[in-house]
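Not measured: the values here are computed from a predicted model. Numbers here are sequence positions counted from 1.
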Amino acid sequence: MRKHTFATALPTRLAALAALGLLITACGNEPTEVNAPAPETENEAPNEDTAAEDGSAEVELVIERSVSDEDGLTAEEGFEPGEWTLTCAPVGGDHPDPEAACAEIEEAGTEPFTMDTSDMMCTMQMGGPEVAHVTGHVNGTEIDTEFNKRNGCEIDRFEQVETVLNP
């Protein structure tokens with residue numbers, strides 16, 4: 001009678017588990033799923049020449065600009081409180097320079113609009129009292145964020161979309 005030791009039993013068990021895993025995986029796939037095209041993802045580049053499939057623009061933003069009087073600083077020259085709208089693909093709205101703003105959004109993507117700096121280590125510096133509250137959507141991502149210049153991270157984030165916020 002042959003004895004099975006740990007050294008011989010382990011590879012046999014691993015091979016059996018691998019075969020079982022393949023069997024379970026194969027049973028879960030319907031034949032139509034095997035050759036089906038991959039589902040569309042959010043990371044695919046939008047078609048800049050046309051509006052979104054639902055008829056809206058790829059980018060639709062409302063930009064509300066204000067000046068905080070907390071620190072007694074003066075705003076950068078040309079920054080004035082007010083509200084603008086901006087659309088891209090197709091370009092429009094009452095933004096002073098929508099073409100440049102849309103080009104900047106195309107380059108920057110959604111990151112400046114979705115970045116959360118609350119847990120980041122940032123330099124403690126005050127860049128100015130400028131504040132911009134931005135709502136809407138960028139390429140399918142809902143946006144509701146505030147831009148300011150209260151620390152190094154926020155200053156950098158503001159500068160990534162400077163043309164959008166302060167053309």
Side-chain angles (χ1 to χ4, degrees), residues 28-167:
N29 291 330
E30 295 296 320
T32 57
E33 293 176 350
V34 174
N35 293 322
E40 291 184 24
T41 64
E42 290 182 28
N43 295 336
E44 290 182 12
N47 182 351
E48 294 298 326
D49 297 331
T50 61
E53 289 179 20
D54 64 359
S56 65
E58 293 290 334
V59 174
E60 288 184 359
L61 297 176
V62 175
I63 304 151
E64 300 174 55
R65 298 161 24 112
S66 62
V67 177
S68 170
D69 57 356
E70 293 176 17
D71 299 310
L73 297 172
T74 57
E76 183 179 319
E77 187 176 331
F79 189 93
E80 294 188 19
E83 183 176 300
W84 296 325
T85 59
L86 173 67
T87 60
C88 303
V91 174
D94 59 358
H95 188 280
D97 193 353
E99 290 85 9
C102 289
E104 188 170 70
I105 290 171
E106 183 179 340
E107 182 179 323
T110 59
E111 184 179 354
F113 299 99
T114 59
M115 183 185 301
D116 180 10
T117 64
S118 61
D119 290 334
M120 296 173 74
M121 292 189 63
C122 305
T123 57
M124 296 305 298
Q125 64 190 63
M126 186 62 171
E130 297 89 340
V131 176
H133 184 223
V134 180
T135 56
H137 68 266
V138 175
N139 300 328
T141 300
E142 290 298 315
I143 306 296
D144 187 355
T145 190
E146 180 182 282
F147 289 86
N148 59 62
K149 295 183 176 184
R150 294 191 184 115
N151 62 48
C153 297
E154 288 296 324
I155 292 169
D156 182 55
R157 186 171 163 252
F158 194 102
E159 290 174 352
Q160 288 180 40
V161 287
E162 180 86 31
T163 304
V164 175
L165 306 176
N166 192 35

Salt bridge (charged side-chain N to carboxylate O under 4.0 Å, His left out) partners for [X], two or more places apart:
| X | result |
| --- | --- |
| Glu146 | Arg150 |
| Glu154 | Arg157 |
| Glu76 | Lys149 |
| Arg65 | none |

Taking C-beta and beyond as the side chain, do [X] and [Y] meet within less than 4.5 Å on heavy atoms?
| X | Y | answer |
| --- | --- | --- |
| Val59 | His137 | no |
| His133 | Asp144 | yes |
| Val67 | Val131 | no |
| Asn148 | Ser68 | no |

Any pair with a residue in residues 77-87 that passes salt bridge (charged side-chain N to carboxylate O under 4.0 Å, His left out), sequence neighbours left out, goes on the list, sorted by first then second residue, please.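 Passing the test, one end in residues 77-87: no pairs.
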Which pairs pass salt bridge (charged side-chain N to carboxylate O under 4.0 Å, His left out) with one or both residues in residues 117-129, sequence neighbours excluded?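 Residue pairs with at least one partner in residues 117-129: there are none.
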Pairs touching residues 85-95 that satisfy side chain to side chain donor-acceptor pair (under 3.5 Å), sequence neighbours left out: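 Matches after skipping sequence neighbours: Thr85-Asp94.
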Minimum heavy-atom distance [X]-[Y], with the two atoms named:
| X | Y | answer |
| --- | --- | --- |
| Pro96 | Pro167 | CG-CG, 3.8 Å |
| Pro98 | Gly92 | CB-O, 3.9 Å |
| Ala132 | Leu165 | CB-CD2, 3.8 Å |
| Ala108 | Val161 | CB-CG1, 4.4 Å |
| Pro129 | Thr74 | CD-O, 3.5 Å |
| Val91 | Cys102 | CG2-SG, 4.0 Å |

Test Val164 against Ile105 for side-chain contact (heavy atoms from CB on, under 4.5 Å), laying out the working first. CA-CA 8 Å; Val164 175; Ile105 290 171; 3.6 Å; yes
Chi angles and distances behind the side-chain contact (heavy atoms from CB on, under 4.5 Å) call for Thr135, Ile143: CA-CA 5 Å; Thr135 56; Ile143 306 296; over 6 Å; no
Which residues share a side chain to side chain donor-acceptor pair (under 3.5 Å) with [X], sequence neighbours left out:
| X | answer |
| --- | --- |
| Thr123 | Gln125 |
| Asp116 | Ser118 |
| Thr163 | Glu104 |
| Asp156 | Gln160 |

Aromatic ring pairing Phe147/Phe113, orientation class (parallel under 30°, perpendicular over 60°, tilted between):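 Geometry flag for Phe113 against Phe147: perpendicular rings.
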Measuring from Asn166:CG to Ile63:CD1, what's the distance to the nearest 0.5 Å?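 Going from the CG atom of Asn166 to the CD1 atom of Ile63 covers 11.0 Å.
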Disulfide (SG to SG under 2.5 Å): which pairs involve residues 125-167, sequence neighbours left out?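 Listed by first then second residue: Cys122-Cys153.
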